[in-house]
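Hydrogens, waters and symmetry mates play no part in the numbers below; they use all other heavy atoms, side chains included.
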Amino acid sequence: MYIFNSILSMGKDTDISILGVMSGTSLDGLDLCLVEFSQINSSIQYTIVKAETIAYDEEWKSKLRYNKGLSASFLAQVDADFARFVAEKINGFLNNETCDLIASHGQTILHKVDDGYTLQIGNGGIISSLTNLPVISDFRTQDVALGGQGAPLVPIGDRDLFSDYDACLNIGGFANISFDSGGRRVAFDVCPVNYVLNTLAMTIDLPFDKDGVIAGKHEVNQTLLNKLLVVGDSHLSEPKSLGAEYVEKIIFPILDASDISAEDKIATYTEFCACMISKALSSAKRVLVTGGGAYNKTLCAGILDKIGGKFEIPSGELIEFKEALIFAYLGYLRWHKRTNVLSNVTGAIRDSVSGAVYYP
């Protein structure tokens with residue numbers, strides 16, 4: 001059980017249990033994190049009561065994986081099917097636990113903000129009906145309508161819950177970073193990480209490069225690394241959000257054109273990620289690292305060699321469930337009609353109170 005404190009004043013609303021539900025681009029599984037929120041004087045206390053990751057089988061991974069040829073009927077069907085799957089898992093997870101509200105991120109299946117849209121499947125209305133609980137979902141659409149990237153959303157939680165750190169780094173399907181600079185919160189996606197590394201590992205019949213062992217044992221190809229760095233550097237600015245479309249259009253063609261071994265591609269791409277992340281961290285000395293990539297020893301060592309700072313890798317529960325925890329917090333803010341998306345990190349014209357609310 002983990003307790004987080006904030007100095008925010010949130011009025012008289014106290015003692016609410018919210019289930020944060022997160023599904024990321026790496027397709028590791030469905031993260032469920034039940035959080036109790038309570039107010040003590042002007043401080044908000046957050047306690048993780050229970051957390052679990054429910055792994056996806058190959059059929060679900062196939063349905064949720066990016067595919068530019070998706071039809072409208074498929075999208076509608078998988079939106080409803082995924083919602084039923086999520087509701088079933090929530091009901092099993094909660095059992096007799098007290099829960100007042102569900103905050104569900106959904107699964108990002110399309111993210112084309114230049115064209116004015118983003119889509120996270122997992123219909124909130126269906127989840128609400130099948131769990132008999134209020135559900136907040138679709139956290140990104142409003143920000144996109146306001147001219148923003150619809151991402152990142154986590155920085156408001158980083159700011160309010162983890163302000164002791166110079167920077168918060170999450171390494172999942174994509175790496176994203178959040179930090180304060182000149183009195184404003186700065187946050188952006190840095191580069192694809194596990195989305196690519198896991199795909200490369202699957203070509204040699206492995207689900208992922210456990211602990212970064214493959215990367216640590218094989219050679220970095222400088223020619224391939226230089227090509228990756230050119231496109232990586234051209235996208236290193238904020239506000240910035242990256243999606244599967246960027247990987248499919250930009251990253252995979254570069255990797256596919258190289259005739260080196262899959263193992264050397266993993267080593268090279270891991271080094272590319274270390275270079276990109278170290279540039280983004282800049283002068284940060286105390287960095288909170290979460291997400292599955294925190295277990296990749298080769299990647300983390302590569303970053304630290306370049307920045308000379310200190311990584312603080314918390315317990316496994318916080319590594320794996322920080323994003324779900326913060327989505328519970330976003331739901332908390334939305335429930336109380338408070339700003340939960342920061343325009344200065346998304347590029348929108350104003351902050352917003354985002355998320356559609358469904359009642360059973």
Are the side chain of [X] and the backbone of [Y] linked by a donor-acceptor contact shorter than 3.5 Å?
X	Y	answer
Thr268	Asn221	yes
Asp189	Cys191	no
Asn226	Gln222	yes
Asp57	Trp60	yes
Asp31	Ala324	no
Asp180	Gly183	no
Thr203	Leu200	yes
Asp100	Ser17	yes
Lys265	Val220	no
Ser178	Cys168	no

Aromatic ring pairing Tyr329/Phe37, orientation class (parallel under 30°, perpendicular over 60°, tilted between):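 Taking Phe37 first and then Tyr329, their aromatic rings lie parallel (interplane angle under 30°).
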Parallel, tilted or perpendicular, as decided by the 30° and 60° cut-offs, for the rings of Tyr332 and Tyr46: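 It falls in the perpendicular class, over 60°.
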Option passing side-chain contact (heavy atoms from CB on, under 4.5 Å) with Leu32 (candidates Val21, Val86, Ile102):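 Single pass found, and it is Val21.
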Option from Ile156, Val341, Val353 for which side-chain contact (heavy atoms from CB on, under 4.5 Å) with Leu333 holds: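 When Ile156, Val341, Val353 are each tested with Leu333, the side-chain contact (heavy atoms from CB on, under 4.5 Å) holds only for Ile156.
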Check: Ser354/Asp143 side-chain N/O donor and acceptor closer than 3.5 Å: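 No - no donor-acceptor pair under 3.5 Å links their side chains.
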Short side-chain donor-acceptor distance under 3.5 Å, Arg140 and His105: yes
Taking a hydrophobic cluster as the set of Ile, Leu, Val, Met, Phe, Trp and Tyr residues connected by side-chain heavy atoms closer than 4.5 Å, whether directly or through intermediates, do [X] and [Y] fall within one such cluster?
X	Y	answer
Ile349	Val113	no
Val190	Ile319	yes
Phe311	Val193	yes
Ile266	Val213	no
Ile90	Val78	yes

Ring centroid separation Phe179 to Tyr165 under 6.0 Å: no
Least distance between heavy atoms, Ala294 atom then Val289 atom: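 Scanning both residues completely, I find the closest heavy atoms to be CB-CG1, 3.9 Å.
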NZ/NE/NH1/NH2 to OD/OE distance under 4.0 Å, Glu271 and Lys306: yes
Chi angles and distances behind the salt bridge (Lys or Arg N to Asp or Glu O under 4.0 Å) call for Asp166, Arg286: CA-CA 5 Å; Asp166 294 326; Arg286 188 178 180 219; over 6 Å; no
Intermediate values then yes/no, side-chain hydrogen bond (donor to acceptor under 3.5 Å, both in side chains), Thr290 and Asn170: CA-CA 5 Å; Thr290 56; Asn170 185 77; 3.0 Å; yes
Side chain to side chain contact (heavy atoms under 4.5 Å, CB included) evaluation trace for Val49 with Val35: CA-CA 6 Å; Val49 177; Val35 186; over 6 Å; no
Phe208 vs Ser26 side-chain heavy atoms within contact, under 4.5 Å: no
Atom pair CZ/CG of Phe139 and Leu153 - distance to nearest 0.5 Å: 8.0 Å
From CA spacing to verdict: salt bridge (Lys or Arg N to Asp or Glu O under 4.0 Å), Arg84, Asp81: CA-CA 5 Å; Arg84 295 186 186 99; Asp81 289 347; 3.2 Å; yes
Cation over ring face, Lys63 and Phe82, 6.0 Å, 45°: no
Derivation of the side-chain hydrogen bond (donor to acceptor under 3.5 Å, both in side chains) call for Gln120 and Thr118: CA-CA 7 Å; Gln120 288 72 46; Thr118 183; 2.8 Å; yes
